[in-house]
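Taking it in order: structure first as structure tokens, then the write-up.
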Amino acid sequence: MATAHTYLNFPGNTEEAFEFYRSVFGGEFTSVVRFGDFGPANNGQLAEADRDKIMHIGLKIGENDMLMGTDAPESMGFKVTFGNNSYIYVEADSAGDAERLFGALSKGGKVEMELAKTEWAEKYGSFTDKFGVQWMISYTGDVQFGGY
């Protein structure tokens, strides 16, 4: 069976963002690879100032899910722009866990919908975190919803 993971591109602050996510979710990074680890393999496209930037980082969330990311250096032709086309959806283990995750991840960001009971969940809320990443936090609990 295929699995899906969330992969995020950042404009140079991946390490800061992932330290923040680790402070919320806990756990350890499964890998941290920097652009400079590959020496001349970048064919001279990488600016010296970007050698210490993150090429790949992974953070395990739960049993089977992974949050991954990279810096996307402009010196290599990337231009990161955050849009409204994606969210990271997190199904919490409990109402208390939903409250903790929502509070921690939304700190310094912009709340779109406060965490509250909805037709489809005991707790649901959405926001954009301080790094421009959009999140949906949910705890379905005992709610029965026929919409999916």
Side-chain angles (χ1 to χ4, degrees), residues 1-38 46-47 49-148:
M1 174 177 272
T3 59
H5 302 290
T6 302
Y7 207 101
L8 304 171
N9 293 325
F10 290 91
N13 61 339
T14 300
E15 190 163 9
E16 177 188 3
F18 271 73
E19 287 293 349
F20 171 69
Y21 298 141
R22 181 167 67 172
S23 77
V24 174
F25 291 106
E28 295 299 321
F29 298 128
T30 60
S31 60
V32 178
V33 180
R34 298 184 185 279
F35 283 100
D37 293 342
F38 289 93
L46 185 68
D50 292 331
R51 293 184 56 73
D52 201 38
K53 298 291 184 193
I54 301 292
M55 181 177 177
H56 175 78
I57 191 168
L59 177 64
K60 191 171 181 177
I61 299 177
E63 285 188 42
N64 301 314
D65 299 313
M66 188 77 88
L67 183 62
M68 296 180 281
T70 187
D71 283 313
E74 287 191 23
S75 66
M76 293 186 74
F78 297 105
K79 177 69 175 160
V80 175
T81 53
F82 287 92
N84 63 359
N85 60 330
S86 63
Y87 284 81
I88 298 173
Y89 176 89
V90 177
E91 178 67 34
D93 292 331
S94 67
D97 192 38
E99 291 168 4
R100 182 188 69 79
L101 291 170
F102 188 92
L105 286 168
S106 66
K107 187 175 182 178
K110 183 178 179 191
V111 173
E112 179 180 61
M113 181 177 172
E114 290 289 345
L115 194 64
K117 183 169 180 149
T118 65
E119 293 178 347
W120 61 89
E122 284 186 25
K123 298 275 186 178
Y124 173 84
S126 60
F127 57 89
T128 302
D129 73 17
K130 64 184 177 182
F131 298 102
V133 177
Q134 298 182 124
W135 295 82
M136 296 174 179
I137 306 296
S138 183
Y139 172 62
T140 303
D142 293 329
V143 172
Q144 299 293 317
F145 178 63
Y148 53 104

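Note: hydrogens, waters and symmetry copies are ignored here, and every other heavy atom, side chains too, is used. Sequential numbering from 1 along the given sequence is applied to the chain's residues.
In this structure, the side chains of L67 and H5 stay at 4.5 Å or more apart for every pair of heavy atoms. For the pair K123/T118, no side-chain contact is recorded, criterion being any heavy-atom separation below 4.5 Å from C-beta on. A heavy-atom distance below 4.5 Å is not found between the side chains of Q144 and W120. You'll find the side chain of D50 stays beyond 4.5 Å of the side chain of D71, heavy atoms only. Between I57 and E15, every side-chain heavy-atom pair lies at or beyond the 4.5 Å cut-off. The side-chain heavy atoms of R34 and R51, taken from C-beta on, include no pair separated by under 4.5 Å. The side-chain heavy atoms of M55 and F35, taken from C-beta on, include a pair separated by under 4.5 Å. Side-chain contact between I137 and F127: present, with at least one pair of heavy atoms (C-beta onward) separated by less than 4.5 Å.
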inquiry  = Under the criterion salt bridge (Lys or Arg N to Asp or Glu O under 4.0 Å), I'd like the reasoning laid out for R22 against E28: C-alpha separation, chi angles, the key distance, then a yes or no.
reply    = CA-CA 7 Å; R22 181 167 67 172; E28 295 299 321; 3.2 Å; yes
Stepwise side chain to side chain contact (heavy atoms under 4.5 Å, CB included) test for E119 and V143 = CA-CA 7 Å; E119 293 178 347; V143 172; over 6 Å; no
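With sequence neighbours excluded, no residue forms a ring pair (Phe, Tyr, Trp, His ring centres under 6.0 Å) with Y139. Taking F29 as the reference, nothing meets the ring pair (Phe, Tyr, Trp, His ring centres under 6.0 Å) condition, with sequence neighbours excluded.
We find the CG-OG1 distance between L59 and T6 to be 11.5 Å, quoted to the nearest 0.5 Å. Taking OH of Y87 as the start and OG of S126 as the end, the distance is 5.0 Å to the nearest 0.5 Å. Here the CG-CE distance, from L8 to M68, works out to 9.5 Å after rounding to the nearest 0.5 Å. Note that the OG atom of S86 and the CE atom of M136 stand 9.5 Å from one another [nearest 0.5 Å].
Under a 3.5 Å cut-off, the side chain of Q134 and the backbone N or O of T128 do not form any donor-acceptor pair. Put simply, the side chain of N13 never gets that close to the backbone of E16: no donor and acceptor are under 3.5 Å apart.
Looking at every heavy atom in both residues, S106 comes nearest to V111 through CB-CG2, 4.2 Å. The two residues A104 and V24 make their nearest non-hydrogen contact at CB-CG2, 3.7 Å. The two residues T70 and I54 have their closest heavy-atom pair at OG1-O, 3.3 Å. Across all non-hydrogen atoms, the minimal contact from G69 to T14 is C-CG2, 4.2 Å. Taking every heavy atom of both residues into account, S138 and A121 meet most closely at OG-CB, 3.5 Å.
Remark: K130 is positioned above the aromatic ring of F20, its terminal NZ or CZ atom under 6.0 angstrom from the ring centre and at most 45 degrees off the axis.
Ring geometry, F10 versus F18: the interplanar angle exceeds 60°, so the pair is classed perpendicular (tilted spans 30 to 60°).
No side-chain donor-acceptor contact under 3.5 Å links E19 and Y21. For the residue pair T140 / E91, a side-chain donor-acceptor distance below 3.5 Å is found, with atom types taken as modelled.
Aromatic pair H56/Y7: centroids less than 6.0 angstrom apart.
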